[in-house]
Amino acid sequence: MSDGDTRVTYREDEDEWAVDVEGAAWAGSRHDKKARAKRAGRALAKENRAELRVHGKDGEIQERRSFDQDPPG
């Protein structure tokens with residue numbers, strides 16, 4: 001992952017979904033529902049023009065979406 005790339009992962013020990021941004025100084029956000037975490041992650045990835053990776057509870061990537069890091073020519 002590069003700076004700005006966003007990850008949605010499940011934290012089993014805390015029974016919550018986490019949204020983390022690579023290279024961010026803050027810890028990210030936590031959500032009780034995966035759908036809420038995905039919405040938050042999508043918004044951050046769009047804002048940062050970065051990639052969003054959504055993981056399942058098993059840790060495998062279920063969804064990957066790029067929000068075009070380069071402006072259109």
Side-chain angles (χ1 to χ4, degrees):
M1 286 180 56
S2 60
D3 280 358
D5 285 353
T6 305
R7 251 187 332 195
V8 174
T9 56
Y10 181 68
R11 303 255 171 113
E12 187 174 356
D13 56 333
E14 299 171 20
D15 190 31
E16 65 186 7
W17 292 90
V19 178
D20 295 300
V21 177
E22 185 72 19
W26 48 276
S29 61
R30 306 293 179 256
H31 305 270
D32 60 342
K33 304 285 184 193
K34 184 177 184 179
R36 290 182 183 145
K38 281 176 64 172
R39 280 193 298 272
R42 189 178 306 113
L44 286 170
K46 278 179 142 179
E47 180 181 319
N48 293 326
R49 301 177 61 91
E51 183 172 272
L52 171 66
R53 292 182 187 157
V54 179
H55 297 258
K57 283 187 174 183
D58 62 1
E60 294 293 320
I61 295 174
Q62 293 181 328
E63 182 181 334
R64 178 182 263 166
R65 183 162 178 197
S66 179
F67 290 94
D68 214 10
Q69 296 177 356
D70 295 323

Should E51 and R64 count as an ion pair when the cut-off is N to O under 4.0 Å? yes
Any F67 side-chain heavy atom under 4.5 Å of N48 side chain: no
Minimum side-chain heavy-atom gap H31-R39 below 4.5 Å: no
Search all heavy atoms of [X] against all heavy atoms of [Y] and return the closest pair with its distance.
X	Y	result
R36	D32	NH1-OD1, 2.6 Å
H55	W17	O-CZ3, 3.4 Å
V8	G41	CG2-CA, 4.5 Å
V19	A37	CG2-O, 3.3 Å

Start with the C-alpha distance between Y10 and D15, add both sets of side-chain angles, then the distance that settles side chain to side chain donor-acceptor pair (under 3.5 Å), and finish with yes or no. CA-CA 7 Å; Y10 181 68; D15 190 31; 2.5 Å; yes
What verdict does the side chain to side chain contact (heavy atoms under 4.5 Å, CB included) test give for K38 and E63, after you've listed the backbone C-alpha separation in whole Å, the side-chain angles of each residue and the deciding distance to 0.1 Å? CA-CA 10 Å; K38 281 176 64 172; E63 182 181 334; 3.0 Å; yes
Got a sec, which residues hit side chain to side chain donor-acceptor pair (under 3.5 Å) with E47, two or more places apart in sequence or on another chain? none
Check salt bridge (charged side-chain N to carboxylate O under 4.0 Å, His left out) between K34 and all other residues, then give those that pass, not counting sequence neighbours. none
Applying salt bridge (charged side-chain N to carboxylate O under 4.0 Å, His left out) to R30 and not counting sequence neighbours gives E16, D20
Looking at CD of E22 and OG1 of T6, how far apart are the two atoms once the value is rounded to the nearest 0.5 Å? 9.5 Å
Distance col, row I61:CD1 vs L52:CG, nearest 0.5 angstrom, shows 10.0 Å
Counting heavy atoms not belonging to E14, are there more than 12 under 6.0 Å from its CD? yes
